[in-house]
S.K.: 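Supplied in structure tokens, the structure appears directly below.
Labels below follow one simple rule: chain letters A, B, ... track the order of the sequence lines, proteins then strands, and each chain is numbered from 1.
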Amino acid sequence: MRAGAAGAAMSIAASAGPEAGAPAILAEALTKRYGPVTALRDLSLEIRHGEVLGLLGPNGSGKTTFIRMLAGYLAPTRGRLRICGLDVVRDALPARRRLGYVPEAAPVYGHMRVREFLAFMGRLRGLSPAELGGAVDRVVERLALGAVAHKPTRALSRGYRQRVALAQALIHEPQIVVLDEPTNGLDPRQIIEVRELVRSLAGTHTVVMSSHILAEVAKTADRVAVLLDGRLLGVRAVADTPDLEDWFLSLA
Amino acid sequence: MSTLAVLLRKELHATFTSPIGYVLAAVFLLVLGYSFSLTLFATKTANLIYIFHQMYVLSILLVPVLMMRSFAEERRADTLELLLTAPVREIWIVLAKFLAGLTLVYGIYAGALVYAVILGLYGEPDWGPIYSGCLALMLHGALLVAIGLMTSSITENQVVSAALSLGLALMLWFADSVAPLLPAPFDVVAINLSLIGHFRPMATGSVFASDIGYFVTLAMLALFLTTRWLAER
């Protein structure tokens, strides 16, 4: 995968609009209940433009619930969640336009070829026909998908499928990229490639990624937020926390 | 290209690259060809009333199978999460799937038009009931597609989706049979809910606005509920 500025056309300054000045993501007392079960409880968090935030926690801690609310897949039961100043429920469509999302399973349409799938997702995200060809070429190059660009997505290995899923999330140059367990099921080399890609997005994109591997988050994120049983236990800058493991254990 | 057109193109692509549609179309047309020949030789009358009723029954059996994949497959493959987190309204996703399903069902029905052509070539059919019967089938097909979508939207199990859809269609078909057991005004409601009660007049040449309204209203209700269930997550 080619890290760098090739695809990072949209700068944060250029994205200034009516919501200029608002943090990239603002969660206020965010709660999600599934019947009697509370998956996320009173989560308040501010994420700055251009930073990479790692959500760390064991399975069932509420990471995926938070990520799905960010992506607009789940609605909060209580509280507010804003993306670049836009409420994810009330301003759902404009908020989603600013966001690229890779679900944990890295889903793709098996009946489509890679370029076809990327073009479909680009059109769905509002790219014009004039922009589409260039956008597909850009993500194919950035994610090193040239060798499989004309293959059906169902024939791809797990690693390539993950890259295609990342490519569809970046095709419209979103301000915010949300990745749910992006290194799950990848081999060590692929994990390093994903990590490099995420680091290459830092500064120009806000990235929120979840993981249950402390070392992975420490190597990729600028800040780490620890979730347990649906509660946010703490947020720390990785650079200011040399003993990240001790800090995590003290919380958990 | 509008969002609906983008989604519709994707749905048509998925529909026509899956073998299910072709297999069911072949079964539908084979069974229909057999019964058309049999009916024609037995009755020696140039009308399609029997054929319309056979298509009515075959549709109730086959459309749930055709539609069972629509949302259930997207849920199973996790691609529904991609669609629902894209800047797209739920109604466009539902309409695209509805129109794609309708295209397939009408395509299969179009194959049966050959029987009308045969009657026209070798007999002197009364075209009025044939036209109204075609309208009845189109409305019937649209309602079944909408019901199939609705049941597919609530489960990721395709068999459960097909079974629910078939069950709903059968309940509508026989709704009037429980009328004698019900007190007023529920008996009238049951009679008016009957699928066959609204299909039969059109299939035999009598077109009433109330019958058209029945199919359109129920299909719209099913599409509305599908959209609501997609949005409630």
Side-chain angles (χ1 to χ4, degrees), chain A residues 32 34 64-65 67-77 83 86 88-89 91-113 116-117 119-129 132 152-154 161 164-165 168-169 171-172 174 176 178 180, chain B residues 1-23 66 69-97 99-101 103-104 152-154 156 158 227-233:
Chain A
K32 180 67 185 178
Y34 299 102
T64 296
T65 299
I67 281 207
R68 284 181 159 175
M69 282 197 278
L70 263 181
Y73 188 65
L74 294 175
T77 309
I83 288 175
L86 298 163
V88 293
V89 176
D91 311 308
L93 297 192
R96 286 182 209 166
R97 279 191 197 100
R98 285 159 173 77
L99 198 124
Y101 172 50
V102 182
E104 186 179 353
V108 291
Y109 283 106
H111 66 274
M112 293 183 186
R113 292 175 189 278
E116 200 181 344
F117 173 68
F120 167 69
M121 292 307 295
R123 279 193 291 260
L124 218 53
R125 297 235 166 84
L127 293 180
S128 69
L132 199 60
T153 56
R154 66 171 170 270
R161 222 177 69 168
V164 172
Q168 65 79 23
I171 195 157
H172 60 305
I176 296 165
V178 179
D180 193 5
Chain B
M1 202 187 288
S2 75
T3 307
L4 179 62
V6 172
L7 288 166
L8 179 58
R9 201 174 146 192
K10 170 237 160 200
E11 293 300 336
L12 288 172
H13 188 188
T15 301
F16 289 101
T17 49
S18 157
I20 292 178
Y22 297 105
V23 170
L66 281 175
R69 281 168 56 87
S70 42
F71 279 111
E73 176 64 15
E74 297 246 22
R75 269 187 208 284
R76 193 199 56 75
D78 291 316
T79 46
L80 192 59
E81 202 168 338
L82 278 186
L83 281 186
L84 293 176
T85 54
V88 176
R89 292 190 189 285
E90 286 85 359
I91 183 69
W92 296 127
I93 299 171
V94 173
L95 279 180
K97 287 188 181 290
L99 292 174
T103 305
L104 179 61
S152 180
S153 72
I154 56 176
E156 66 177 50
Q158 297 183 19
T227 310
R228 287 301 306 159
W229 281 330
L230 275 188
E232 292 285 331
R233 54 181 192 268

S.K.: If you count heavy-atom pairs under 4.5 Å with chain B, which of A/Pro107, A/Ala92, A/Ala169, A/Ala165 comes out on top?
M.R.: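 Most heavy-atom pairs within the cutoff with chain B belong to A/Pro107.
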S.K.: When rounded to the nearest 0.5 angstrom, what distance separates CD1 in A/Ile176 from CG in A/Leu70?
M.R.: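 If I round to the nearest 0.5 Å, the distance is 7.5 Å.
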S.K.: Where on A/Val108 is there a heavy atom nearer than 4.5 Å to chain B: the side chain, the backbone, both, or neither?
M.R.: backbone
S.K.: Among A/Ala95, A/Pro94, A/Pro103, A/Ala75, which residue forms the greatest number of heavy-atom pairs with chain B at distances under 4.5 Å?
M.R.: A/Pro103
S.K.: Can you tell which of A/Arg96, A/Glu116, A/Arg68, A/Arg125 has the highest number of heavy-atom pairs within less than 4.5 Å of chain B?
M.R.: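 Heavy-atom pairs under 4.5 Å are most numerous for A/Arg96.
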S.K.: Does B/Arg76 have any side chain to side chain contact (heavy atoms under 4.5 Å, CB included) partners at least two apart in sequence or in another chain, and if so, which?
M.R.: B/Glu73
S.K.: What part of B/Thr79 is in contact with chain A, defined as an atom under 4.5 angstrom from a non-hydrogen atom: side chain, backbone, both or neither?
M.R.: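 For B/Thr79, backbone and side chain are both near chain A.
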S.K.: List the residues meeting side-chain hydrogen bond (donor to acceptor under 3.5 Å, both in side chains) with A/Tyr109, not counting sequence neighbours, and say none if there are none.
M.R.: B/Lys10, B/Glu74
S.K.: Is it the side chain or the backbone of B/Ala77 that comes within 4.5 Å of chain A heavy atoms, both, or neither?
M.R.: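 Contact with chain A involves the backbone of B/Ala77 alone.
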S.K.: How long is the gap from CD on B/Glu11 to CG on B/Leu4, to the nearest 0.5 Å?
M.R.: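 Those atoms lie 10.5 Å apart.
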S.K.: Nearest heavy-atom pair of A/Leu93 and B/Val88: which atoms, and what distance?
M.R.: CD2-N, 3.6 Å
